[in-house]
2 protein chains.
Amino acid sequence: MTPTPDAPAELASVLRIAVVRLSRRIRSERDPELDLGLGALSVLGILHREGAQTIGSLAETERVRPPSMTRTVGCLVDRGLVVRNKNADDGRQVVVELSEEGWRVVEAERRRRNAWLARQLAELTADERDLLRRASDLLGRLATA
Amino acid sequence: MTPTPDAPAELASVLRIAVVRLSRRIRSERDPELDLGLGALSVLGILHREGAQTIGSLAETERVRPPSMTRTVGCLVDRGLVVRNKNADDGRQVVVELSEEGWRVVEAERRRRNAWLARQLAELTADERDLLRRASDLLGRLATA
DNA sequence: TGAACTACTTAGCCTCGCTAACTATTCCTC
DNA sequence: GAGGAATAGTTAGCGAGGCTAAGTAGTTCA
């Protein structure tokens, strides 16, 4: 059936389309209450998991340019979810960390945040979820390659 | 190590982040020659695989609102890659199909288009690619769920 | 025949990427 | 230790590509 079952080019095409569409789908399912973009949510998640970070390191992790991260962080500061601090050792750096409010929001939203996707995933078989779990790791590696 | 190894919520979080990041990465790698957005490329791909389609059906396939698809198709028309035709049976519908130029471009770009991703995929093992192939199918199903 | 519905378009907004250019700070060399 | 290069972040402004609301043209049906 498949003439070249292992051809990377063909897989690239299929994978690209699937990833882009799913990304759009996820975007369209975000919680309307907390009107934060996906990038902002992602940053909150990073700060929650890994603690305070500089703008630069957040930008690198998210694979975004510094100005974009400055803006994202600016939004979060405006909503009081994170605080900006100057690094005492290197005055050029800005260290961003979750505020108390930010912690509360992340903790509270963590469960709701993935609601749609989690609901879809719950309808798959355990084998399929396991497949996706391993695939996620690969996708993550591709994203940072 | 994993307290609940099959928990959909946890997988949702991991998968969401991986998909969104990879999607950004793919976007940043598109061919600068052919200055078409990802959406436009995707539409060309659909028309190539499935033949002429109405705006509405393209919008549905791409999970986008009709006005967005109107604009995307407009771009493609401007570049002479597709043609808009009125449906003879139902004058409200617009049927979009690839122009000769569009065919040529799709055929020619098909291989180059996925270059970056295909290159990354080529560095994986055959098993990993197989994993991703099966995952792509699942991701596609999630995207249209 | 005229009201309701449908397919698409137009107008205009918003998010969130980007680059270019600027400021502030640090580092490095003489 | 003064001065230029390098680095971190910001500001300004652009562009892609989603969206909704409202308008137009064609179709259906009472």
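Every chain is numbered from 1 and lettered A, B, ... according to where its sequence line falls, protein lines coming before strand lines.
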> With a non-hydrogen cut-off below 4.0 angstrom, is B:D89 in contact with a base, only sugar-phosphate, or nothing?
Replying inline: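 Sugar-phosphate contact only.
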
With a 4.0 Å cut-off, would you call [X] and [Y] a salt bridge?
X	Y	value
A:R104	A:E101	yes
B:D130	B:R134	yes
A:R141	B:E128	yes

> Got B:V96 and B:V83 here, is their nearest side-chain heavy-atom distance under 4.5 Å?
Replying inline: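 They are not in side-chain contact.
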
> Given side chains that start at C-beta, do those of B:N85 and B:E97 come closer than 4.5 Å, heavy atoms only?
Replying inline: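 They are in contact (side-chain heavy atoms under 4.5 Å apart), so the answer is yes.
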
>> Does anything in residues 63-74 of chain B come within less than 4.0 Å of DNA chain C? Heavy atoms only, and list the residues if so.
In response: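 Under 4.0 Å from DNA chain C: B:P66, B:P67, B:T70.
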
What's the [atom1]-[atom2] distance between [X] and [N], to the nearest Å?
X	N	atom1	atom2	result
B:N87	C:dC8	CG	C1'	13 Å
B:K86	D:dT27	NZ	C1'	12 Å
A:D90	D:dT7	CG	C1'	8 Å
B:R92	D:dG23	CZ	C1'	16 Å
B:Q93	D:dT28	CD	C1'	14 Å
B:L58	C:dA7	CG	P	14 Å
A:I55	D:dT11	CD1	C1'	14 Å
A:L41	C:dT15	CG	P	14 Å

> Toward the 5' end of DNA chain C, which comes first, A:G91 or A:A40, by nearest nucleotide?
Replying inline: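 Its nearest nucleotide lies further toward 5', so the answer is A:A40.
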
>> Between A:R129 and A:L124 (side chain of the first, backbone of the second, donor and acceptor by atom type, cut-off under 3.5 Å), is there such a pair?
In response: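 Side chain of A:R129 to backbone of A:L124: a pair is present.
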
